[in-house]
Asks: 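What follows is a structure written as structure tokens; I'll ask about it next.
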Amino acid sequence: MELATQYNPQEAEKNHYEHWETSGFFAPEINENPDAPKYSIVIPPPNVTGSLHMGHALQHTLMDVLVRRKRMQGFKTLWLPGTDHAGISVQRKVAEQLRRDENKTPLDVGREEFIRRAWKWKEEYGNTITQQMRREGASVDWSRHRFTMDEDLSKAVREVFCTLFEEGWIYRGLRIVNWCPKDKTVLSDLEVKEETRKDGKLTYLQYPVKQTAETRALARVPKTITVATTRPETMLGDTAVAVNPNDERYKDLIGQMIALPLTNREIPIIADEYVDSEFGTGAVKITPAHDPNDYQVGERHNLPQLLVMNDDATMNENAGEEFVGLDRFEARKKVVAKFEELGLLEKIEDYEISLPVCERCKTIVEPILSEQWFVKMDELRDLALDLIKTEGAPHFHPQIPNEKVYTTWLENLKDWTISRQLWWGHQIPAWYDNEGNIFVARTFEEAAKQAGTDELTQDNDVLDTWFSSGLWAFSTFGWTGENSGQWTVDSGRNKIQPTTDHRPPTTDLEVFCPTDVLVTGRDIIFLWVSRMMMLTKKFVDKKAFDDVIITGTVLGKDGKPMSKSRGNGVDPIEMFDKFGVDATRIYLASIATGADIKWNDTLIETYRNFANKIWNATRFCLMNSEGAQVDYTFINPKAEVREIKRLIGDELIDDFDEEDEEFLDKVEPEFAKDNPKENLSIADKWIISRLNRTARDVNRALDRYFYHEAVRLLYQFFWNDFCDWYIELVKDEITSETVNTTRDAARSRILTILEQALRLLHPFMPYLTEELWQKLPGVNANLHNPAYRSAEQTIMLADFPLGDASLIDERAESEMQTIIELISKVRNIRAEMRIKTSEKLDIHIAADSATNKIFAENEAQILKLARAKELYLSESLNVPKASAKGVLTGGTEIAVPLEGLIDFEKERERLESQINNLSSEGEKLNKQLSNESFVQKAPPEKVEALRERVAEIETQLNALNQNLNALM
RNA sequence: AGUCAGUUAGCUCAGUGGUAGAGCACUACCUUGACACGGUAGGGGUCAGCAGUUCAAAUCUGCUACUGACUACCA
């Protein structure tokens with residue numbers, strides 16, 4: 001089998017996804033183990049209007065890594081996908097389509113037709129993102145895909161709304177709300193963003209105080225009172241002027257009336273603590289219908305609420321004849337002009353102001369008095385607060401600062417405005433009779449029954465999209481009874497089984513809820529995370545999830561958040577095309593959890609190169625795979641015992657002792673001691689140790705959601721240990737032309753190690769690893785986790801290596817380290833003395849017998865990798881003066897005779913620089929050791945380690961100094 | 001205004017009470033039978049500044065500077 005010299009990601013990406021999907025590998029039902037623990041994640045449903053951006057790619061990668069690993073570990077794993085109906089976004093797209101194609105407005109076609117078209121739009125364009133997710137390799141269970149407006153999810157919405165209403169947590173009320181004049185709907189506080197404008201103006205208006213007998217008597221009373229405002233047009237809706245009760249300047253004015261200019265209304269001057277005497281003029285115009293603070297002042301003083309704007313932010317008839325129909329900004333100019341005409345414009349100051357804008361359309365939001373539906377958050381907030389305070393749920397990763405942000409926000413939570421003046425969404429299940437009485441019910445029929453009439457009109461508004469999203473952690477699992485999955489539960493052991501037997505059925509809800517972890521961005525901790533926690537607790541009495549991973553933001557190359565307007569976006573699909581899906585995924589996983597990162601193509605290139613390295617290492621193994629196959633017993637003698645067990649059959653297992661060697665010899669003599677499987681070299685033991693250590697550490701890292709740590713470990717193991725050293729060390733043996741069992745065992749061994757590495761890499765790089773795994777000789781469904789034995793062979797279901805602690809071999813690692821150090825030292829001498837690669841050298845070594853034994857056992861590899869022709873081992877050096885010398889850890893001395901090649905000056909410099917480095921380190925350490933309080937207070941093992949290091953340095957210095965003197 | 005985070009090699013970023021790390025870039029050498037998207041050997045950092053705690057601080061604490069995020073208010 002011949003592979004191309006370069007990995008072509010597109011090819012591998014084409015080959016596998018569809019097969020994985022259609023084979024049912026993504027669905028939890030693939031798991032045959034009735035006792036399997038479950039693992040579940042629900043995806044944050046992207047907007048149907050959306051297309052994949054880097055934030056999705058990041059989050060999806062993190063979720064897929066978790067899910068793929070757990071699945072390989074034999075968990076009954078479900079990653080549930082879905083999309084969100086995205087109220088305003090879809091509404092806008094469909095309205096735009098209507099305008100463009102037919103020059104019509106939504107009102108022209110009517111509600112029913114509009115909704116029909118919205119569904120059509122969704123069917124046509126709404127699956128962009130689901131296709132893109134397939135490209136990403138996301139192992140979601142498409143058969144359980146949910147849309148927030150699916151019938152059962154809509155039913156869940158109605159159920160929750162009605163229950164909350166019945167319990168008194170939902171109410172309809174007249175409040176100051178955030179109004180977007182462009183979308184013509186109310187927005188929740190969270191959908192409003194602040195935008196700072198430097199060109200704001202603060203306008204000072206003079207209001208004439210009405211002259212009465214009383215005011216005339218009080219000579220000190222001024223003729224006017226000046227108020228400052230950033231929104232002069234709202235003065236048309238003023239119903240009072242307020243001052244601080246303690247403000248001496250205005251004491252006499254309290255209770256007086258003002259003749260409000262441009263209107264023929266008179267308004268009172270009132271006193272309220274809310275007013276800050278220090279700010280502006282200390283007198284504030286009060287417009288209860290257009291400002292939240294003024295509204296509250298108005299409530300306290302029983303002021304009238306005069307709404308002067310329409311829903312498109314033009315002025316209404318209350319604003320007066322002169323202003324009616326004018327846009328708010330036109331009206332603003334006109335008000336100012338009129339005041340100027342009247343001589344009542346005191347001044348206009350430049351003023352930096354932050355304006356509330358609509359998160360989506362950036363239109364300036366108008367605070368406006370309006371009747372809306374609200375959720376009173378008291379009880380729900382307490383549910384979430386209790387969970388975090390008593391159970392620490394959800395546990396945030398990274399914990400700081402997210403947990404604090406979450407808790408603080410909950411503590412200051414205000415009521416949630418849930419109605420939206422849109423057509424696309426869940427229409428509010430409330431009906432009105434002709435008298436305006438409200439009937440909230442799950443269906444029209446119920447409402448009619450309550451009302452005693454069917455002459456009812458349903459509320460025109462729909463619910464905030466986040467209302468249905470808040471139910472996502474349980475509504476998607478068939479909470480309403482539909483689409484609830486086919487599981488039965490063994491009540492005795494409380495284990496889950498997909499069966500058709502007659503035990504009582506249970507649902508996806510019982511199996512998969514609560515979910516294990518939620519992966520999402522900082523921006524929706526409040527909008528979504530908190531609400532899922534509250535509502536899931538409230539309605540199914542469970543935590544929505546145990547853990548929340550808050551991802552960082554992928555910034556553009558300029559270090560700013562990616563945005564269309566800035567044009568600094570990086571399209572993940574382009575990255576997939578350019579570098580491959582796997583490279584993009586593992587790069588995204590290499591970002592520290594929660595950290596922001598500036599996009600940088602060269603880093604992704606690193607992982608493109610890594611993919612190519614994996615490809616080529618596999619290519620090498622395959623080129624030399626004749627007579628060999630993947631077989632775990634080649635890298636684990638104990639596994640051989642298990643293999644024997646498998647061969648001799650299950651019935652003997654019970655009285656079988658793995659340590660009983662006699663028994664082994666008895667049952668299967670061909671597996672006995674001298675077989676090449678057990679005849680492992682230092683290099684073999686070392687790589688097996690490194691493999692198992694890496695596997696163990698990767699699992700530990702992922703358990704803590706330290707993806708970047710896992711990536712680092714895998715990168716290092718594969719590139720530095722496996723490719724740079726192991727392949728090079730065993731190359732001669734493996735490529736040998738001589739056919740024998742030793743060669744074939746070596747070939748099987750390297751194939752098996754590679755196969756284990758591919759499994760470890762699979763969650764990060766699914767396409768590459770599947771592509772290569774399938775090509776390895778000897779792979780089959782027996783390598784699967786036992787939960788998937790009947791499934792067709794795929795690396796997706798292979799058992800994820802946990803790392804066998806008994807195969808971590810400290811001694812082999814340290815012996816190998818000695819060999820690596822020797823080879824590196826010789827290479828260093830060669831490079832520094834500028835000896836050509838083609839020049840073969842001799843190596844003389846003076847070491848203790850144990851070390852010499854290690855070198856002797858690996859002579860062939862040392863000669864090859866150091867490009868040497870002869871290795872002389874003894875206990876002391878006896879070499880010509882014309883030699884380059886060095887010292888290894890432990891005091892082993894090496895010398896490379898360089899007759900005719902040595903540059904004595906250079907060698908002197910080389911030795912001197914090494915001596916300098918070592919002495920300055922030694923000095924530092926000695927100083928520390930001579931510090932009494934260090935020796936007394938530092939942990940003994942630290943002191944001991946330091947002493948050892950000093951001794952080591954002294955040994956090396958001695959040798960180096962002798963070598964230097966010999967040169968003089 | 002408040003809260004929080006970041007500031008480490010030329011660049012992008014890991015690390016974290018006990019002698020500073022990676023990738024890229026850089027220098028020199030290498031068409032060594034998997035890979036030049038490669039190999040070998042190197043150079044490069046008083047870990048933003050100041051003060052404190054400690055035997056020991058890049059790591060903990062405080063302050064300062066710069067950058068960024070979030071929350072609230074601004075008549």
Asks: Between A:K731 and A:F620, is NZ or CZ placed under 6.0 angstrom from the six-membered ring centre and within 45° of the ring axis?
Replies: yes
Asks: Does a side-chain N or O of A:N600 approach OP1 or OP2 of B:C11 to a distance below 4.0 Å, or not?
Replies: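 So the side-chain polar atoms of A:N600 never come under 4.0 Å of the phosphate oxygens OP1 or OP2 of B:C11.
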Asks: In whole angstrom, what separates A:I829's CD1 from B:G42's P?
Replies: 11 Å
Asks: Can you figure out which of B:C37, B:C13, B:G18 approaches the side chain of A:F934 most closely?
Replies: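 Of the candidates, B:G18 comes closest.
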Asks: A:I176 has an atom CD1; how far is it from atom C1' of B:C73, in whole Å?
Replies: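 In whole Å, B:C73 C1' lies 16 Å from A:I176 CD1.
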Asks: Indicate whether OP1 or OP2 belonging to B:G15 is found under 4.0 Å from a side-chain N or O atom of A:H708.
Replies: yes
Asks: Nearest whole Å is fine: how far is B:U12 C1' from A:E605 CD?
Replies: 13 Å
Asks: Could you tell me how far B:U54 sits from B:A65 if I compare only their C1' atoms? Round to whole Å.
Replies: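 About 27 Å, rounded to a whole number of Å.
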Asks: Should B:G44 form a Watson-Crick or G-U wobble pair with both distances under 3.5 Å, which nucleotide is its partner?
Replies: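 Partner of B:G44: none.
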Asks: Salt bridge check: are A:E771 and A:K775 linked by an N-O gap of less than 4.0 Å?
Replies: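 Yes, charged N to carboxylate O under 4.0 Å.
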Asks: Rounding to a whole Å, what distance do you find between A:D294:CG and B:C73:C1'?
Replies: 14 Å
Asks: Please classify the nucleic acid contact of A:T230 as base, sugar-phosphate, or nothing, using heavy-atom distances under 4.0 Å.
Replies: sugar-phosphate
Asks: So does A:K598 get a side-chain nitrogen or oxygen closer than 4.0 Å to the phosphate oxygens (OP1/OP2) of B:U12?
Replies: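 Yes.
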Asks: Would you mind reading off the distance between A:E821 atom CD and B:A41 atom P, rounded to a whole angstrom?
Replies: 12 Å
Asks: Do A:D582 and A:R608 sit within salt-bridge range, that is, some charged N less than 4.0 Å from a carboxylate O?
Replies: no
Asks: Can you tell me, in whole Å, how much space there is between the C1' of B:G43 and that of B:A48?
Replies: 25 Å
Asks: When you check the gap from the basic side-chain N to the acidic O, do A:E366 and A:R231 get nearer than 4.0 Å?
Replies: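 So A:E366 pairs with A:R231 through a salt bridge.
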Asks: Base contacts versus sugar-phosphate-only contacts with protein, heavy atoms under 4.0 Å: please encode nucleotides 29-35 of chain B as B, S and - from 5' to 3'.
Replies: -S-B-BB
Asks: Taking for each residue the nucleotide of RNA chain B with the nearest heavy atom, is it A:D189 or A:A242 whose nucleotide lies nearer the 5' end?
Replies: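 Its nucleotide being nearer the 5' end, the pick is A:D189.
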Asks: Taking for each residue the nucleotide of RNA chain B with the nearest heavy atom, is it A:P939 or A:T229 whose nucleotide lies nearer the 5' end?
Replies: A:P939
Asks: Considering every strand and a 4.0 Å limit on heavy-atom distances, what is the contact class for A:R608: base, sugar-phosphate, or nothing?
Replies: base
Asks: Is A:R834 paired with A:E832 through a side-chain N to carboxylate O contact shorter than 4.0 Å?
Replies: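 A:R834 and A:E832: not salt-bridged.
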Asks: Determine the contact category for A:V275: base if any of its heavy atoms lies under 4.0 Å from a base atom, sugar-phosphate if only primed atoms, P, OP1 or OP2 are that close, otherwise nothing.
Replies: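 It contacts base atoms.
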Asks: Please state the C1' separation for the pair B:U8 and B:G44 - nearest whole angstrom.
Replies: 14 Å
Asks: Less than 4.0 angstrom between a side-chain N/O of A:N609 and OP1 or OP2 of B:G38, yes or no?
Replies: yes
Asks: For A:A592, which contact category applies under a 4.0 Å heavy-atom criterion: base, sugar-phosphate, or nothing?
Replies: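 Sugar-phosphate, no base atom in range.
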Asks: Which whole-number value in Å describes the distance from A:N720 CG to B:G38 C1'?
Replies: 14 Å
Asks: For B:G38, what is the paired nucleotide under Watson-Crick or G-U wobble rules, both distances under 3.5 Å?
Replies: B:C30
Asks: How close or far is atom C1' of B:G42 from atom CE of A:M833, stated in whole angstroms?
Replies: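 A:M833 atom CE is separated from B:G42 atom C1' by 15 Å.
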Asks: Give none if B:C50 has no partner; otherwise give the nucleotide forming a Watson-Crick or G-U wobble pair with it, both distances under 3.5 Å.
Replies: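 B:C50 is paired, partner B:G62.
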Asks: Say you pick atom C1' in B:A69 and the same atom in B:U53; how far apart are they, in whole Å?
Replies: 30 Å
Asks: Under 4.5 Å between any side-chain heavy atoms of A:T234 and A:R328, yes or no?
Replies: no
Asks: Step through it carefully: locate the ring centre of A:Y587, locate the ring centre of A:W599, and say whether they are under 6.0 Å apart.
Replies: yes
Asks: Just wondering, do A:R700 and A:R704 contact through their side chains at under 4.5 Å, heavy atoms?
Replies: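 They are not in side-chain contact.
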Asks: How is A:L925 classified with respect to the nucleic acid when contacts are heavy atoms under 4.0 Å: base, sugar-phosphate, or nothing?
Replies: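 Answer is nothing: A:L925 stays at 4.0 Å or more from every strand.
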Asks: Could you go through the salt bridge (Lys or Arg N to Asp or Glu O under 4.0 Å) check for A:D596 and A:R522 one step at a time?
Replies: CA-CA 11 Å; A:D596 290 351; A:R522 271 190 287 265; 2.7 Å; yes
Asks: Using purine N1 to pyrimidine N3 plus N6-O4 or O6-N4 for Watson-Crick, or N1-O2 and O6-N3 for G-U wobble, each under 3.5 Å, what pairs with B:U71?
Replies: B:A1
Asks: Counting any heavy atom closer than 4.0 Å, what does A:R949 reach on the DNA or RNA strands: base, sugar-phosphate only, or nothing?
Replies: base
Asks: Determine which nucleotide pairs with B:A20, using a 3.5 Å limit on both distances of a Watson-Crick or G-U wobble pair.
Replies: none
Asks: Is A:S824 touching bases, backbone alone, or none of the nucleic acid, heavy atoms closer than 4.0 Å?
Replies: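 Sugar-phosphate contact only - A:S824 comes under 4.0 Å of backbone atoms but never of a base.
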Asks: Would you mind classifying the nucleic acid contact of A:A595 as base, sugar-phosphate or nothing, using non-hydrogen atoms under 4.0 angstrom?
Replies: sugar-phosphate
